[in-house]
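Every chain is numbered from 1, with letters handed out A, B, ... down the list of sequences. Given the structure is predicted, the values throughout are model-derived calculations rather than measurements.
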Amino acid sequence: MIFVVAEHKDNKLRPITSELLVFGQRVARDFGEPITAVILGSSTGDLAGELKTRKIDRVLRAEHAGLAEYNPDTYVQVLQSILNKDKPFLVLMGHTTQGMDFAPRLAVRLCGPLISGCVEYEKQGERLILTRQIFNAKMNMKTLVRGEPPYFATASPGAFPGDEVESGGNAEVIVFPVQLTGTPKRKILNRVEAPKGQTDLSSAPIIVSGGRGLKQKENFNLIFELAEAIGGSVGASRPVVDAEWLPREYQVGSSGQTVSPRLYIAVGISGAIQHLVGMQTSRCIVAINKDPEAPIFKVAHYGIVDDLFKVVPALTKIFKDLRQA
Amino acid sequence: MKEKHGGEVAVISLGGEEAARVLRSSLAMGADRAIHLLDPKFKDSDEFASAAALAKAIEKDGGADLLLAGVQSDDLGSGTTGTMMAEFLGWAHATVVVGVQVQPDTKSLQVQRELEGGINETVELTLPAVLTIQFGINQPRYASLRGIMAAKKKEFKVWSAADLGLADNAVGRAGAAYDVKEILVPERKSRVEVISGTPEEAAAKLVEKLRKEAKVI
């Protein structure tokens, strides 16, 4: 049995859930294992109904007032009792702040290998090979899990195409009787959205983003100048924000803003998966980077492989001239 | 935290000479003592085996109130070791932490976690607890010359797998939960159209394409 742990928020399935189902459906096809989607929460009826239409075999609803909010203690406890009742082969979770918060605990508790941040999967003979990215997505590592199942994996957001999830199933929906024991060691107090300030990029039609390739804070002027000449907004990759060249509200990516502008120009951004998931649905993506192997070129439509310190001023000049014309 | 609430700061690491260097520089920056898990048998350990050995060492050392780890490493970046240690120890934990407030009266912590989409979550944890700390939460202190000199007199324990009572098949490659089959440069299934020429030519061609072909400006 392949288990997919659904992730949801505000009574909606999160995009990672479809991506996990695609991952699960591919493994199911190759290994002939059935799929169970597990959804934990306090009111999961609608979402279970949605999961049921996917091409899977079973939906397990673990429903309890104590599961209204995500908590690693309750999640691990419930998942452990679910998995103990079955013969799990592979348990799939999101490589998200939620999935990564409980997956390592679950794997250790059930004494199974955990491959985190999977981007690819293949079957070799009878063995399961899971590929994860290392060295900030510059290299891939193929891993062979050891020992008897269950095996655990978290999937990188964006690595599996959620829109390719197969529908047409009529899975059985089963309510799993939840018993929670003990007091959780973690208590959720509140959640606040960080102020977006003047840089709500979610509706910007044109974004020019800069990355570590700019080398130092002062050079970010090149990005502001190009953005101004083209009439766009400014964004940044995580390393820029970590280095405090720009405040966090400029950050595009999984821990920053998700954007989908008409035109996205990535300057000196190598394109770690965390950045790509935040901008890869942009209509037109331009990458300017001197490293032809940079992952950003994988999602770009147009690329210039050259020194950004020469290309960007040239671009700015053309746009300025166009504006004056 | 020590300056505000008292206590002692110990640093622990599993690895070879590079781990010893990190421990020594941590002592120079002000940590009180160090534990180095050093043994050729630890070689090629994965996250599972490393977390088990580190947790064992912390128990042998008499436990702690708080264990701080990083969210993920720069190299393998699996983001699992800290949380696995919490499970081995049976402690509370929180990942991707960007802020910590100690509540000494209730033996608990309030911590802020960074979630997707710019959302910060505040949670309360009972101690002992493990936190995985997000990059950039603090500015590391410089090691002063005095600190470097003082570090030489501080306690520096070196423990082997046998010291921790760990069997040969529980450590290193033998204790790992998976094998590394291959490390390779990823294939790029690219749709990108690379624009050539001098920077000025390429810039001009790009603008032309954005206007006429993609029609986005």
Side-chain angles (χ1 to χ4, degrees), chain A residues 72 96-97 100-101 104-105 108-109 112-117 129 132 134-136 139-147 185-194 196 230 242 254-258 262-263 283-284 286-287 293 297-298 300-307 310-311 314-315 318-319, chain B residues 47-48 51 74-80 83-84 86-88 91-96 110 113-126 129 135-136 176-186 188-195 199-200 202-204 206-207 209-210 214 216-217:
Chain A
T96 55
T97 55
M100 284 310 293
D101 196 62
R105 287 201 93 123
V108 168
R109 195 161 305 177
L114 166 65
I115 309 300
S116 68
I129 296 177
R132 56 183 308 269
I134 56 172
F135 293 105
N136 200 14
M139 305 288 279
N140 278 354
M141 180 167 90
K142 290 190 174 188
T143 65
L144 276 166
V145 290
R146 274 195 197 169
K185 295 187 179 87
R186 185 193 292 186
K187 201 163 87 191
I188 288 93
L189 300 179
N190 64 60
R191 283 198 188 104
V192 287
E193 221 157 305
K196 284 207 173 104
I230 197 172
D242 283 343
S254 57
S255 51
Q257 302 191 51
T258 301
R262 186 168 78 224
L263 173 62
R283 176 134 62 101
C284 179
V286 174
E293 296 297 321
F297 287 116
K298 196 172 154 188
H301 302 90
Y302 300 108
I304 298 180
V305 182
D306 208 333
D307 183 355
K310 290 180 183 144
V311 177
L315 264 179
I318 295 172
F319 282 114
Chain B
E47 299 85 353
F48 192 95
D74 280 340
D75 46 12
L76 299 186
S78 74
T80 55
T83 310
M84 284 185 167
E87 180 64 21
F88 279 117
W91 295 2
H93 89 283
T95 49
V96 212
Q110 272 196 15
R113 301 181 60 217
E114 185 185 88
L115 308 184
E116 284 92 353
I119 294 171
N120 270 13
E121 178 185 75
T122 302
V123 301
E124 193 173 81
L125 300 175
T126 54
F135 187 84
Y178 63 86
D179 292 301
V180 176
K181 186 175 175 285
E182 200 179 354
I183 287 176
L184 63 170
V185 178
R188 305 250 173 260
K189 283 170 262 166
S190 183
R191 58 180 171 186
V192 67
E193 181 180 341
V194 174
I195 299 168
E200 291 74 21
L206 173 66
V207 174
K209 282 182 183 293
L210 291 177
V216 287
I217 49 171

Tell me, side chain or backbone of [X] under 4.5 Å from chain A's heavy atoms, or both, or neither?
{"X": "Ala129(B)", "result": "neither"}
{"X": "Ala51(B)", "result": "neither"}
{"X": "Phe48(B)", "result": "side chain"}

Phe88(B) vs Arg109(A), side-chain contact (heavy atoms from CB on, under 4.5 Å): CA-CA, chis, key distance, verdict:
CA-CA 8 Å; Phe88(B) 279 117; Arg109(A) 195 161 305 177; over 6 Å; no
Do [X] and [Y] touch side chain to side chain, with heavy atoms closer than 4.5 Å?
{"X": "Arg191(B)", "Y": "His301(A)", "answer": "yes"}
{"X": "Pro199(B)", "Y": "Asp307(A)", "answer": "no"}
{"X": "Tyr302(A)", "Y": "Leu210(B)", "answer": "yes"}
{"X": "Leu76(B)", "Y": "Met141(A)", "answer": "yes"}
{"X": "Ile304(A)", "Y": "Val194(B)", "answer": "no"}

Leading residue by heavy atom contact count with chain B [cutoff under 4.5 Å; candidates [options]]:
{"options": "Ile318(A), Leu189(A), Ile188(A)", "value": "Leu189(A)"}
{"options": "Asp242(A), Val286(A), Val311(A)", "value": "Asp242(A)"}
{"options": "Met100(A), Lys310(A), Arg132(A)", "value": "Arg132(A)"}

Among [options], which residue forms the greatest number of heavy-atom pairs with chain A at distances under 4.5 Å?
{"options": "His93(B), Lys209(B), Glu200(B), Met84(B)", "result": "His93(B)"}
{"options": "Thr122(B), Thr95(B), Val207(B), Leu206(B)", "result": "Thr122(B)"}
{"options": "Val216(B), Thr126(B), Leu125(B), Leu115(B)", "result": "Val216(B)"}
{"options": "Val123(B), Asp179(B), Ile195(B)", "result": "Asp179(B)"}
{"options": "Asp74(B), Val96(B), Asp75(B)", "result": "Asp75(B)"}

Donor-acceptor check, side chain of Arg105(A) to backbone of Pro72(A), threshold 3.5 angstrom: yes or no?
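Looks like no, no N/O pair under 3.5 Å.
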Arg186(A)/Asp101(A) ion pair, N-O < 4.0 Å
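Salt bridge: yes.
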Under 4.5 Å from any heavy atom of chain B - which part of [X]:
{"X": "Thr143(A)", "result": "both"}
{"X": "Arg262(A)", "result": "both"}
{"X": "Asp306(A)", "result": "side chain"}

Classify the side-chain pair Arg113(B)/Thr97(A) by whether it contains a donor and acceptor separated by less than 3.5 Å.
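The answer is no; no qualifying pair exists.
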